[in-house]
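A, B, ... follow the sequence lines: proteins, then strands. Residue 1 opens every chain. Quick caveat: nothing in here was measured; it's all calculated off a predicted structure.
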Amino acid sequence: MSQFVRFTIDGTECMASRGQYLVDAARENGVFIPTLCNYPGVKPKGSCRICTVKVNGKLMTACTTPVAEGMNIENESADINELRKSIIELLFVEGNHFCPACEKSGNCELQALAYRFRMMVPRFPFQFPNRAVDASHPRIIKDHNRCILCKRCIRVITDESGRSIFAYRKRSASVEVVVDPKLGKQLTEDLAQKAMDVCPVGSILVKEKGFHVPIGERKYDKVPIGSDIENMQSTKI
Amino acid sequence: MSKPIVATTSLAGCFGCHMSVLDIDEKILELIELVEFNKSPIDDIKKFTKKCDIGLIEGGCCNSENVHVLKEFREHCRILVAVGECAIMGGLPAMRNGIPIEECFNEAYLNGPTVVGNDAGIIPNDPELPMILDRVYPCHEIVKIDYFLPGCPPRADLIWEALVALVTGDEMKLPYEVVKFD
């Protein structure tokens with residue numbers, strides 16, 4: 001069996017290593033599939049559904065689906081992008097996302113995706129949930145208003161023996177991500193910064209610094225999210 | 001043909017969006033060639049004197065007066081545009097939305113660290129004062145809004161592009177760099 005598989009994305013012939021997830025396979029072919037809960041290097045969860053594509057006509061999450069020979073993938077179509085846009089809108093109304101007051105604005109993946117999908121206003125009613133800001137940890141602020149429960153921090157930030165420093169607390173609609181009270185002390189300065197970088201929104205912020213990059217020079221000020229992948233020369237095998 | 005008529009107002013806003021309108025710099029000369037202003041803080045006309053084509057709304061609705069003005073704008077303007085984050089989603093004033101109104105008043109007039117000289121413990125309640133709403137409402141939850149221009153404030157270029165497109169009937173070209181939420 002060959003090590004490589006052939007497949008198409010929006011009609012374009014692509015090639016990737018067998019077993020790669022669709023998101024990664026697409027990236028290697030210069031195609032951007034938007035992701036939010038997915039993070040390089042950790043096991044995909046497929047929970048946010050932003051990366052939904054049509055594989056041979058069936059909706060599937062591109063971050064959890066391995067590429068296979070002969071797959072026909074639909075990615076940049078009007079109805080799929082509309083679906084993705086409505087997920088972004090739902091996330092915006094579900095929490096309290098006051099972009100002008102957020103330190104992560106301009107570097108926020110949720111906001112960047114809203115820009116990419118041209119969201120001018122969410123079509124759904126704002127929920128304005130009553131949520132707290134937890135500033136009890138000496139190194140970080142955990143703002144529950146902005147958390148989208150992607151679990152990226154829980155999955156990525158671990159101590160030396162592999163235990164997650166962040167954890168879920170409560171259940172269902174009141175679930176929130178917190179610093180594990182027992183392991184919180186192990187959140188070093190480097191890990192705190194890493195946690196802030198891993199967070200796709202502004203829910204984890206490092207204390208005593210902020211707004212270092214001026215408006216106009218932030219990550220998504222000038223170019224849409226994913227344009228680095230799209231402008232990349234595709235690495236044809 | 002007479003010029004299109006524009007009206008503007010600031011509800012629960014900070015006038016930053018109006019400042020951004022002025023930020024179009026010398027294009028303001030083109031603007032007054034292009035449109036006529038009616039009720040607006042820019043020309044200080046306080047009451048509608050005729051039907052308008054475009055109404056620009058800054059800020060959301062935090063009290064009964066905001067609701068009254070917004071409904072008046074809907075009645076008098078053919079097209080209503082929500083300008084800025086506050087008009088679109090309540091913005092910073094909406095940060096009080098999770099807090100009961102009584103707690104807000106107590107903080108502002110009785111217990112806040114900057115409260116001085118209110119020994120009688122009075123919370124303003126003159127019938128002349130507009131009633132504060134239970135929460136801050138985005139404009140489109142009160143009346144129908146036709147267009148939304150995000151930003152805090154929306155970039156001057158965005159307001160300009162949108163206004164010109166509305167006036168001339170051309171397609172709105174909104175480059176990536178000008179559509180921002182902050």
K.L.:
For the CE atom on B:Met19, are there more than 12 heavy atoms of other groups (residues, nucleotides or ligands in this structure) within a distance under 6.0 Å?
P.N.:
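Open: at most 12 neighbouring heavy atoms sit under 6.0 Å from CE of B:Met19.
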
K.L.:
Could you check B:Ile145, B:Leu149, B:Ile88 and say which one makes a side-chain contact (heavy atoms from CB on, under 4.5 Å) with A:Val121?
P.N.:
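Between A:Val121 and the candidates, side-chain contact (heavy atoms from CB on, under 4.5 Å) is satisfied uniquely by B:Ile88.
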
K.L.:
Extract all donor-acceptor atom pairs below 3.5 Å that involve side chains of residues 65-73 of chain B and protein atoms in other chains or at least two apart in sequence.
P.N.:
residue, atom, partner, partner atom, Å
B:Asn66, OD1, B:Cys62, N, 2.9
B:Asn66, OD1, B:Asn63, N, 3.2

K.L.:
Heavy atom to heavy atom, less than 4.5 Å: which residues from residues 36-46 of chain B reach chain A?
P.N.:
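From residues 36-46 of chain B, none sit under 4.5 Å of chain A.
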
K.L.:
When you compare the side chain of A:Met119 with that of B:Phe148, does any pair of heavy atoms fall below 4.5 Å?
P.N.:
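B:Phe148 vs A:Met119: side chains apart.
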
K.L.:
Less than 4.5 Å to any heavy atom of chain B: does that hold for the side chain of A:Arg118, its backbone, both, or neither?
P.N.:
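Contact with chain B: side chain only.
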
K.L.:
Would the number of heavy atoms belonging to other residues, nucleotides or ligands and lying under 6.0 Å from NZ of A:Lys222 be above 12?
P.N.:
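Atom NZ in A:Lys222 is not crowded, with 12 or fewer foreign heavy atoms closer than 6.0 Å.
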
K.L.:
Determine whether more than 12 heavy atoms belonging to other residues, nucleotides or ligands lie under 6.0 Å from atom NZ of A:Lys219.
P.N.:
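Result for NZ/A:Lys219: open.
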
K.L.:
Where on A:Tyr220 is there a heavy atom nearer than 4.5 Å to chain B: the side chain, the backbone, both, or neither?
P.N.:
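The answer is both parts of A:Tyr220.
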
K.L.:
Relative to the ring of B:His140, is the ring of A:Phe126 parallel (under 30°), tilted (30 to 60°) or perpendicular (over 60°)?
P.N.:
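Geometry flag for B:His140 against A:Phe126: tilted rings.
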
K.L.:
Under 4.5 Å heavy-atom distance to chain A, tell me which part of B:Val136 shows up: side chain, backbone, both or neither.
P.N.:
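The backbone, not the side chain.
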
K.L.:
Using a cut-off of under 4.5 Å for heavy-atom pairs, which of B:Cys152, B:Gly91, B:Gly151 has the most such pairs with chain A?
P.N.:
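Maximum pair count with chain A is reached by B:Gly91.
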
K.L.:
Can you tell me which portion of A:Asn96 sits under 4.5 Å from chain B's heavy atoms? Options are side chain, backbone, both or neither.
P.N.:
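Neither; nothing under 4.5 Å.
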
K.L.:
In terms of heavy-atom contacts, does CZ of A:Phe124 have more than 12 from other residues, nucleotides or ligands at under 6.0 Å?
P.N.:
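Atom CZ in A:Phe124 is packed in, count exceeds 12.
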
K.L.:
A:Val223 versus chain B, heavy atoms under 4.5 Å apart: side chain, backbone, both or neither?
P.N.:
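A:Val223 touches chain B through backbone heavy atoms alone.
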
K.L.:
Rounded to the nearest 0.5 Å, how far apart are CE of B:Met89 and CZ of A:Phe98?
P.N.:
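B:Met89 CE to A:Phe98 CZ: 4.5 Å, rounded to 0.5 Å.
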
K.L.:
On a heavy-atom basis, which atom in A:Ile215 and which in B:Arg155 lie closest, and how many Å separate them?
P.N.:
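Closest pair (atom of A:Ile215, atom of B:Arg155, distance): CG2-NH2, 4.3 Å.
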
K.L.:
Kindly indicate whether the side chain of B:Tyr147, heavy atoms from C-beta on, has any atom under 4.5 Å from the side chain of A:Met120.
P.N.:
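Not touching, per the 4.5 Å side-chain cut-off.
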
K.L.:
What part of B:Ala82 gets within 4.5 angstrom of chain A, counting heavy atoms only: side chain, backbone, both, or neither?
P.N.:
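For B:Ala82, no heavy atom lies under 4.5 Å from chain A.
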
K.L.:
Tell me, for B:Pro175 versus chain A, whether the close heavy atoms (under 4.5 Å) come from the side chain, the backbone, both or neither.
P.N.:
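Contact with chain A is through the backbone of B:Pro175 alone.
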
K.L.:
Just how far is it from atom OH of B:Tyr137 to atom CZ of A:Phe128, taken to the nearest 0.5 Å?
P.N.:
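B:Tyr137 atom OH to A:Phe128 atom CZ measures 9.5 Å (nearest 0.5 Å).
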
K.L.:
Check for a donor-acceptor pair, side chain of B:Tyr176 on one end and backbone N or O of A:Tyr115 on the other, with a separation under 3.5 Å.
P.N.:
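Absent.
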
K.L.:
Looking only at heavy atoms, which two atoms of B:Asp182 and A:Pro100 are closest? And how far apart?
P.N.:
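For B:Asp182 versus A:Pro100, the nearest heavy atoms are CB-CA, 4.0 Å.
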
K.L.:
Measure B:Glu85 against the heavy atoms of chain A and call it side chain, backbone, both or neither at under 4.5 Å.
P.N.:
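For B:Glu85, the contact with chain A is made by the side chain alone.
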
K.L.:
Going from NZ on B:Lys180 to SG on A:Cys99, what distance comes out if it is rounded to the nearest 0.5 angstrom?
P.N.:
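That separation rounds to 11.5 Å.
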
K.L.:
Which value, rounded to the nearest 0.5 Å, describes the distance between A:Asn130 atom CG and B:Ile99 atom CD1?
P.N.:
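One gets 7.0 Å once the value is rounded to the nearest 0.5 Å.
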
